[in-house]
Amino acid sequence: MSRQIEGVKGMRDLLPGEIELWQHVEGLARELFGRFGYGEVRTPMAEDTGLFVRSVGEETDIVGKEMYTFDDKGGRSLSLRPEGTAPAARAYIEHAINNKEPITRWFYMGPMFRYERMKTGRYRQFYQIGAEAYGSKEAAQDAEMMDMVVQFLGALELKDVTLNLNSLGDEACRPAYHAKLVEYLQAHREELCEDCKRRMETNPLRVLDCKNPTCQAVAAAGPNVLEFLCEPCRAHFDDLQRKLTVLGIKYVVNPRMVRGLDYYTRTVFEFIASHPALGTASTVGGGGRYDKMMKGLGGPDVPAVGFAMGLDRLVLLLKESGRTFTSPPDLFVAVADEGSQDAALALASRLRREGLRVDFDTRGGSLKSQMKRADKSGARFTLVLGEAERTSGQAKLKPMAGGDAIPVALDDVAKTLRAARLATAQAGPT
RNA sequence: GCGGCCAUAGCUCAACUGGUUAGAGCGCCGGACUGUGACUCCGGAGGUUACCGGUUCGAUCCCGGUUGGCCGCCCCA
């Protein structure tokens, strides 16, 4: 018995009706990021597994248990990319971009893959829009990038998104904090939940953002990462906050925000949305500075800062807002008699060549059924083409929303429709 | 990876403690109205009740497994 073939768990199809939302978000990103001087890059979906192990970190959940890893026929270990920063860095290094220009701004969008349990706003193939800025260690670069995200979320008209900010220090000051934190946690070991007892060994920073109330209390009373920052890190963080203020960007300093990727130094940030539809998937974007990663991958010693947003979650919020982004046809061409089929096909072709969106039922059928189809298509006007129109060269544009039909010469249809479209645009969105 | 809930038409859901031919609304197609959609009325198509197995005279219903979906934990986008 042949079983129905289904899509892979956690990977879904995006069909017309929904895809317009995705295109809207992607289009805004391309336009806006371009304004900030970011150029689009596309890297392969699969990379050498070692790339992620060395950048994201062997002990992270992402690398430790969420990667789609497989051997190709040549015996190489490949992994479907679980995030976009490492592949972009690899490309930057491989093409020796640092020798060509001092500052490089890149953005990317596309699918990422993580093998994990699905729920709202979380999929095994999910989509990110991200950006990376290479070559500047200045806080101004961090601020510019956050400004770009803020402007982007604004363009999407998404409300109730909070910017959370923190600094994790660098190789000069982090070890001291790390040691102090472990020492503190050891002393309070019995108050922590089971997970946190384990985290103490594997990744003590993670205890800081445990959701367990008791753990939160312990963490809150413990050493504060910001108080351990060395002078240069302190100055960088202060500078960043000053610049955000200059830009009018609101933020919250959250000294207990850590992130699940090991490559971050100094600045880390997250954009958190409060909409209930997201459930526990409230982080719509996040990123930070990774000044040491390039060198760690065997590349040049180039500082960088980057972020990624979850396109799936942005689309979810946009869907909740109830806004629609479909563009219905300008005109539906209906055929009154079989003898007019060819003329209708040719008319539609001509109008499309002139830039209009034209729908046309190639099956023909009764005029009534074509009218139903025209109604459903959402077309603003319908033109019925039959023998009478062909001989007279005159037709009528029937407004589907109601009102009087507009008489029009068959040669002037495009002109008339464009004028109508303009009139609507000037009247404002409805 | 752990815990809980769920799966009937394209969609949202029915089917009385296991009992003939699994229904409705919406949607789709056609007609009433043979050159004009929406509203109304009439008709039609569409199901191996997710899949596999078990209990039973008999399973959409009870049991087990598989697959998929939802929620919490974990983690993240």
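A, B, ... follow the sequence lines: proteins, then strands. Residue 1 opens every chain.
- Distance noted for atom P between C63(B) and U17(B): 15 Å (whole Å).
- Leu181(A) has its side chain within reach of Leu208(A): a pair of non-hydrogen atoms, C-beta onward, lies under 4.5 Å apart.
- If you take NZ of Lys119(A) and C1' of C2(B), they are 13 Å apart, rounded to a whole angstrom.
- One can place CG of Leu208(A) at 16 Å from C1' of C74(B), the figure rounded to the nearest angstrom.
- Checked against salt bridge (Lys or Arg N to Asp or Glu O under 4.0 Å), Glu94(A) has the following partners two or more places apart in sequence or in another chain: Arg90(A).
- Each of Ala336(A) and Thr60(A) was assigned the nucleotide of RNA chain B with the nearest heavy atom; the assignment lying further toward the 5' end belongs to Ala336(A).
- If you measure from atom CZ of Phe381(A) to atom C1' of G37(B), you get 15 Å, rounded to the nearest angstrom.
- Using a 4.0 Å heavy-atom criterion, one finds that Ser369(A) contacts the sugar-phosphate atoms exclusively.
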Could you go over nucleotides 5-8 of chain B and give all protein N or O partners under 3.5 Å, atom names and distances?
none

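- Each ring-ring contact (aromatic ring centres under 6.0 Å, His included) pair with one or both residues in residues 380-402 of chain A, not counting sequence neighbours, would appear here, but there are none.
- Within 4.0 Å (heavy atoms only), Met118(A) reaches sugar-phosphate atoms of the nucleic acid but no base atom.
- Distance Leu367(A) CG to U36(B) P: 7 Å, rounded to the nearest Å.
- No donor-acceptor pair closer than 3.5 Å links the side chain of Arg81(A) to the backbone N or O of Glu47(A).
- In summary, the aromatic rings of Phe228(A) and Tyr177(A) are positioned with their centroids under 6.0 Å apart.
- The salt bridge (Lys or Arg N to Asp or Glu O under 4.0 Å) test applied to Arg421(A) returns Asp330(A), not counting sequence neighbours.
- With sequence neighbours excluded, no residue forms a salt bridge (Lys or Arg N to Asp or Glu O under 4.0 Å) with Glu183(A).
- Comparing A9(B) with U48(B), their C1' atoms are spaced 14 Å from each other, to the whole Å.
- In this structure the side chain of His275(A) never reaches within 4.5 angstrom of the side chain of Val284(A), judged on heavy atoms.
- Contact annotation: Lys376(A) side-chain N/O to G37(B) OP1/OP2 distance is not under 4.0 Å.
- Checked for salt-bridge contact, Arg12(A) and Asp312(A) meet the test: a charged N lies under 4.0 Å from a carboxylate O.
- Where Ala308(A) and Gly10(A) each meet RNA chain B at their nearest nucleotide, the meeting point lying more 5' is that of Gly10(A).
- Judged by distance alone with a 3.5 Å cut-off, no donor-acceptor contact links the side chain of Glu387(A) to the base of G35(B).
- Comparing the P positions of C39(B) and G30(B) gives an interatomic distance of 16 Å, to the nearest angstrom.
- Scanning for side chain to side chain donor-acceptor pair (under 3.5 Å) contacts around Thr49(A) gives Ser77(A), Ser79(A), with sequence neighbours left out.
- Between A77(B), G35(B), C74(B), one nucleotide has an atom nearer to the side chain of Glu389(A) than all others, and that is G35(B).
- Nucleic acid contact for Tyr123(A): base, since at least one base atom lies under 4.0 Å from a heavy atom of the residue.
- For Arg174(A), the side-chain contact (heavy atoms from CB on, under 4.5 Å) criterion is met by Leu168(A), Leu205(A), Thr265(A), not counting sequence neighbours.
- Scanning residues 61-71 of chain A for heavy-atom distances under 4.0 Å to RNA chain B yields Asp61(A), Glu66(A).
- Among the atoms of the strands shown, base atoms are found under 4.0 Å from some heavy atom of Val384(A).
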Nucleotides 38-47 of chain B: protein proximity per nucleotide (B base, S sugar-phosphate only, - neither; heavy atom, under 4.0 Å): B---------

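- Separating the CG atom of Leu316(A) from the C1' atom of C70(B) is a distance of 14 Å, rounded to the nearest angstrom.
- Side-chain atoms of Gln370(A) come within 3.5 Å of backbone atoms of Val335(A) as a donor-acceptor pair (strictly under, hydrogens ignored).
- For the P atom pair drawn from C33(B) and C13(B), the interatomic distance equals 39 Å after rounding to whole Å.
- Between the side chain of Arg122(A) and the base of A77(B), no donor-acceptor pair of N or O atoms lies under 3.5 Å.
- Contact annotation: Arg373(A) side-chain N/O to C28(B) OP1/OP2 distance is not under 4.0 Å.
- Looking at heavy-atom distances under 4.0 Å, Ala405(A) makes no contact with the nucleic acid at all.
- The aromatic rings of Phe307(A) and Phe269(A) sit tilted, their planes meeting at an angle between 30° and 60°.
- Among residues two or more places apart in sequence or in another chain, the salt bridge (Lys or Arg N to Asp or Glu O under 4.0 Å) test is passed with Lys319(A) by Glu18(A).
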Pairing annotation in dot-bracket form, given for RNA chain B with Watson-Crick or G-U pairs under 3.5 Å and | for cross-strand partners: (((((((..((((.....[...)))).(((((.......))))).....(((((..]....))))))))))))....

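- Ring-base stacking between Phe126(A) and A77(B) is satisfied, the centre separation being under 5.5 Å and the plane angle under 30°.
- Summarising the geometry, the separation between CD on Gln125(A) and P on A77(B) is reported as 17 Å, rounded to the nearest angstrom.
- Rounded to the nearest Å, the gap between the C1' atom of G43(B) and that of G54(B) is 44 Å.
- Distances were taken from every side-chain heavy atom of Arg117(A) (C-beta onward) to each of G35(B), G1(B), G31(B); the shortest belongs to G1(B).
- Contact annotation for Gly130(A): no contact, since no heavy-atom pair falls under 4.0 Å across all strands.
- The base of A77(B) is not paired with the side chain of Glu270(A) by any donor and acceptor separated by under 3.5 Å.
- On the C1' atoms, C51(B) is 24 Å away from A14(B), given to the nearest whole Å.
- In this entry the distance linking NZ of Lys9(A) with P of G1(B) reads 9 Å, nearest Å.
- Nucleotide C33(B) holds its P atom 20 Å from the CD atom of Gln370(A), rounded to whole Å.
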Under 3.5 Å, which donor-acceptor pairs link side chains of residues 145-157 of chain A to any protein atom two or more places apart or in another chain?
from      : atom 1 : to        : atom 2 : distance (Å)
Asp147(A) : OD2    : Gln151(A) : NE2    : 3.3
Glu157(A) : OE2    : Arg323(A) : NH1    : 3.2

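- Comparing the same atom, C1', in C11(B) and in G4(B) gives a spacing of 27 Å after rounding to whole Å.
- Between the P atoms of G64(B) and U55(B), the separation comes to 15 Å (whole Å).
- Arg124(A) places a side-chain N or O within 3.5 Å of a backbone atom of Glu116(A) that can act as its donor or acceptor partner.
- Considering every non-hydrogen atom in both Tyr108(A) and Ala131(A), the closest pair reads CE2-N, 4.1 Å.
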